[in-house]
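Worksheet for the structure shown next.
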Amino acid sequence: MNELIGSADGKKFSDYTQQYTLDLLLDYSSRHLYELSHSYRLQRINDSLALMVIDPRAWAANLLLSH
């Protein structure tokens, strides 16, 4: 059970739920951005709460945003 949800302090589970919630928020936000400009997309960087703003028109200029 510890491997699935983490230790007694709840850190692993807390990190997982924060990342999942952020993924949902980024999905909705990316949809809204697409309706506004058809360009930008938001993506969470794996195993973190850092974000990447992706602009397909300027792939070399993608921005990395961390918390």
Side-chain angles (χ1 to χ4, degrees):
M1 189 65 128
N2 184 30
E3 291 178 25
L4 295 174
I5 61 172
S7 60
D9 69 359
K11 175 148 177 45
K12 186 175 182 180
F13 183 72
S14 177
D15 289 347
Y16 172 79
T17 57
Q18 287 177 357
Q19 290 175 10
Y20 179 78
T21 302
L22 183 58
D23 286 341
L24 292 175
L25 179 62
L26 292 176
D27 182 54
Y28 292 128
S29 299
S30 288
R31 290 180 196 185
H32 185 69
L33 281 172
Y34 182 79
E35 290 175 9
L36 294 174
S37 69
H38 294 281
S39 61
Y40 299 111
R41 183 171 53 95
L42 301 174
Q43 180 178 328
R44 182 179 58 84
I45 296 173
N46 289 338
D47 298 323
S48 75
L49 296 176
L51 306 179
M52 181 173 287
V53 179
I54 300 170
D55 182 357
R57 298 172 301 163
W59 62 270
N62 289 334
L63 302 174
L64 174 64
L65 305 174
S66 62
H67 66 288

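The shown structure was predicted, so the numbers you read here are calculated from the model rather than taken from an experiment. Just the heavy atoms: all of them, side chains too, but no hydrogens, waters or symmetry mates, feed the values below.
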Do Val53 and Leu42 touch side chain to side chain, with heavy atoms closer than 4.5 Å?
yes
Nearest non-hydrogen partners of Leu49 and Gln18, listed with the distance
CD1-OE1, 3.5 Å
Please report the closest heavy-atom contact between Gln43 and Leu26, naming both atoms and the distance.
C-CD1, 3.8 Å
Distance from Gln19 atom CD to Asn46 atom CG, nearest 0.5 Å?
8.5 Å
Is it the case that the side chain of Thr17 and the backbone of Ser14 share a donor-acceptor pair, with hydrogens and angles ignored and the cut-off at 3.5 Å?
yes
For Ser48, does its backbone N or O pair with a side-chain atom of Arg44 as donor and acceptor, under 3.5 Å?
yes
Going only through I, L, V, M, F, W and Y residues with side-chain contacts under 4.5 Å, is there a path from Tyr20 to Leu51?
no
